[in-house]
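Numbering starts at 1 and runs along the sequence shown. In listed order, ligands and their atoms are each counted from 1. Computation of the quantities below employed the complete heavy-atom set of this structure, encompassing side-chain atoms and omitting hydrogens, waters and symmetry-equivalent molecules.
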Amino acid sequence: MARSMIRDVFKKETKTAELWGWVKRKRDFKGTLIWLLRDGSGEMQCVLSSENILDKKAYEAARKALMESSVEVEGKVKSDERAPGGKELQVEKVHIIHAGEEFPIGKDLSEEFLLDVRHLWLRSTKMQQGMRASACVFEAFHDFCKKDGYLEVQCPMFVSGAVEGGNELFEVEYFGKKVNLTQSSQFYLEVYAHALEKVYTVAPSFRAEPSRTRRHLTEFWHAEWETAFSGLEDLLNWNERMIKHMAKYVLEKAPAQLDYFGRKTEQLEKVVKQKFERLTYDEVFEVAQKKFPELKWGDDLQEAHEREITKDYDVPVMVHHYPTILKPFYHRPDPQRMDTVLCCDVLAPEGYGEIVGSGERCWKYDELIGRMKEANLKEIDYQWYVDLRKYGSVPHTGGGLGLSRLTMWLFKMEHIRDTVGFPRTMNRVAP
Ligand code: 4AD
Ligand code: MG
């Protein structure tokens with residue numbers, strides 16, 4: 001017999017099956033052993049009765065096998081209402097591939113311990129569902145960009161210089177020189193956009209942020225794009241279309257994961273159908289200040305402010321025209337209102353906060369140099385970025401989406417670490 005995947009056994013009308021997998025749970029009654037077997041596609045109840053299995057030595061080995069041992073089983077597929085999914089395998093042949101040691105993960109273990117044994121905890125239902133949810137979100141972004149005519153490009157991770165700001169940079173030793181891990185691929189995408197117009201990349205970004213919140217990682221997967229011949233209005237439309245597409249995509253492709261994490265599909269259907277609110281910083285500032293009187297114009301919006309701003313909305317809020325002093329030098333000030341920039345942060349509702357940072361770039365040489373002087377930055381440190389403004393520069397926009405942040409909100413997850421296999425935080429780089 002050839003191996004079948006559990007998912008297919010449930011889908012097809014097969015009478016017999018050979019399965020390979022791991023013993024997720026086991027119960028031992030007199031003469032009958034019940035396993036919940038899992039493979040990469042699903043889980044199935046397997047019943048091992050000493051009467052059906054002729055090889056008594058094999059049956060004894062199966063009885064002794066501890067949780068998470070890897071096994072091969074073969075037998076008859078029977079319908080049984082009591083079995084999860086309505087089918088079970090009545091095992092006739094069993095072989096232990098590897099008898100595992102006592103599995104260290106039981107019930108009610110602390111979050112810290114589960115992070116220590118992440119290499120084993122990844123087998124849990126929660127982590128598996130988290131990985132499937134996350135994979136669906138990555139896929140959705142690629143799908144949107146491809147359908148919209150964007151070309152996928154790659155940018156370096158070793159860089160010299162900051163994009164988002166100097167104090168969140170990781171320094172690494174590079175053949176006797178100090179270089180940095182990239183905070184964002186934006187500047188490289190701007191270069192690509194002058195060659196290919198519509199480009200995107202999905203890559204890690206690194207931030208030495210000492211924040212210990214449920215939405216910060218020091219290494220996160222960043223989906224970034226850049227569009228030539230584009231202004232703020234185009235960008236706002238792009239952001240809205242992209243997020244709607246992502247919501248629609250997970251509704252179609254990941255209903256099991258939405259259900260598992262408790263996201264009601266009606267909520268995402270609203271995201272697909274309803275128009276996103278577009279508000280200026282001035283407008284949201286007024287809302288936030290009513291609740292937080294100490295907030296001053298020009299202050300950055302913290303998690304609590306974002307929560308207040310989005311509390312009356314079911315769908316993301318797109319905040320544009322932030323104060324110029326608040327945003328990095330590459331953002332283009334609005335010629336009608338120089339104290340604000342042509343940028344847009346997308347805030348997810350329910351306290352999930354900022355998921356996208358985006359904006360029109362300073363594309364004129366003099367304007368960029370002016371902004372750099374204000375920020376005390378030296379032209380020499382940004383030589384090629386500035387140089388780009390000398391040869392057929394065009395208005396262009398782009399942005400960055402935190403894929404883990406989006407996954408968290410779409411699936412209503414509690415913590416960003418549920419979206420990544422090996423989260424990197426301030427005090428953890430292992431496993
Ligand atoms: O707002 P940010 O810092 O914007 C940029 O990096 C731009 N250069 C992007 C661009 O225009 N190409 O980061 C963009 C998004 C945030 O909105 C957030 O979703 C996510 O990246 N992000 C993080 N996600 C997890 N952990 C962190 N420490 C994050 N920092 C930012
Ligand atoms: Mg930001």
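Near Val356, with a cut-off below 4.0 Å to any heavy atom, the atoms of ligand 1 are 17 (O). Residue-ligand proximity, Tyr330 to ligand 1, at heavy-atom distances under 4.0 Å covers atoms 7 (C), 8 (N). The ligand atoms of ligand 1 that sit less than 4.0 angstrom from a heavy atom of Gln186 are 7 (C), 8 (N), 10 (C), 11 (O), 12 (N). With ligand atoms numbered from 1 in the order given, ligand 1 contributes 1 (O), 9 (C), 11 (O), 17 (O) to contacts under 4.0 Å with heavy atoms of Gly357. Atoms of ligand 1 found under 4.0 Å from any heavy atom of Gly402 (numbered from 1 in listed order, with element): 15 (C), 19 (O), 20 (C), 21 (O). Close contacts of ligand 1 with Glu224, meaning ligand atoms under 4.0 Å from a residue heavy atom, involve 9 (C), 10 (C), 12 (N).
Taking 4.0 Å as the cut-off, Trp225 does not count as a neighbour of ligand 1 on heavy-atom distance. Remark: distances from the non-hydrogen atoms of Arg361 to ligand 1 include one below 4.0 Å. For the ligand labelled ligand 1, residue Gly399 lies inside the 4.0 Å heavy-atom shell.
No more than 12 heavy atoms of other residues, nucleotides or ligands lie within 6.0 Å of NZ in Lys177, so this atom counts as exposed by the packing criterion.
Nearest protein heavy-atom neighbour of atom 5 (C) of ligand 1: Glu164 OE2, 3.3 Å. The protein atom (non-hydrogen) at minimum distance from atom 6 (O) of ligand 1 is Arg207 NH2, 2.8 Å. The nearest protein atom to atom 19 (O) of ligand 1, hydrogens excluded, is given as Ile355 O, 2.8 Å; this is a heavy-atom distance. Counting protein heavy atoms only, atom 17 (O) of ligand 1 is closest to Glu354 OE2, 2.5 Å. The protein atom (non-hydrogen) at minimum distance from atom 18 (C) of ligand 1 is Arg405 NH1, 3.3 Å. From the protein, the heavy atom lying nearest to atom 29 (C) of ligand 1 is Phe220 CE2, 3.4 Å. At the shortest separation from atom 14 (C) of ligand 1 among protein heavy atoms lies His222 NE2, 3.3 Å. Of all protein heavy atoms, the one lying nearest to atom 26 (N) of ligand 1 is Leu217 N, 3.0 Å.
A parallel orientation is assigned to the rings of Phe285 and Tyr281, their planes being inclined by less than 30° (bins at 30° and 60°). Classified by interplanar angle (parallel below 30°, tilted 30° to 60°, perpendicular above 60°), the ring pair Trp238/Trp225 is parallel.
Proximity of the aromatic rings of His142 and Tyr200 is defined here by a centroid distance below 6.0 angstrom, and this criterion is met. For Trp22 and Phe103, the distance between ring centers is not under 6.0 angstrom. Side-chain rings of Phe187 and Tyr330 approach one another, their centers coming within less than 6.0 Å. Two rings, from Trp363 and Phe229, have their centers 6.0 Å or more apart.
Distances from the Mg ion (ligand 2) under 2.8 Å pick out these protein N/O/S atoms: Glu354 OE2.
Taking the centre and axis of the six-membered ring of Tyr352, the NZ or CZ atom of Arg214 falls inside the cone set by 45° and 6.0 Å.
Among residues two or more places apart in sequence or in another chain, the side-chain contact (heavy atoms from CB on, under 4.5 Å) test is passed with Lys291 by Glu308. For the salt bridge (charged side-chain N to carboxylate O under 4.0 Å, His left out) test, residues two or more places apart in sequence or in another chain that qualify with Arg417 are Glu111. Take Asp28 and apply the salt bridge (charged side-chain N to carboxylate O under 4.0 Å, His left out) test, not counting sequence neighbours, and it matches Arg63.
Asp282 and His321 are not linked by any side-chain donor-acceptor pair at a separation below 3.5 angstrom, with hydrogens and angles left out of the test. In this model, a donor atom of one side chain and an acceptor atom of the other lie less than 3.5 Å apart for Ser358 and Asn239.
Side-chain contact check for Pro349 versus Trp409: some heavy-atom pair is nearer than 4.5 Å.
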### Message
Test salt bridge (Lys or Arg N to Asp or Glu O under 4.0 Å) on Arg405 and Glu354; report intermediate values, then the result.
### Response
CA-CA 8 Å; Arg405 293 243 184 116; Glu354 185 198 324; 5.0 Å; no
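Contact annotation for Ile416 and ligand 1: only side-chain heavy atoms (C-beta onward) come within less than 4.0 Å of the ligand. At a heavy-atom distance under 4.0 Å, atoms from both the backbone and the side chain of His216 approach ligand 1. Within the 4.0 Å heavy-atom criterion, the part of Arg215 lying near ligand 1 is the backbone and not the side chain. Looking at Tyr200 against ligand 1, nothing comes within 4.0 Å, counting heavy atoms.
When each of Leu169, Val163, Val172 is checked for a side-chain contact (heavy atoms from CB on, under 4.5 Å) with Asn180, only Leu169 meets the rule.
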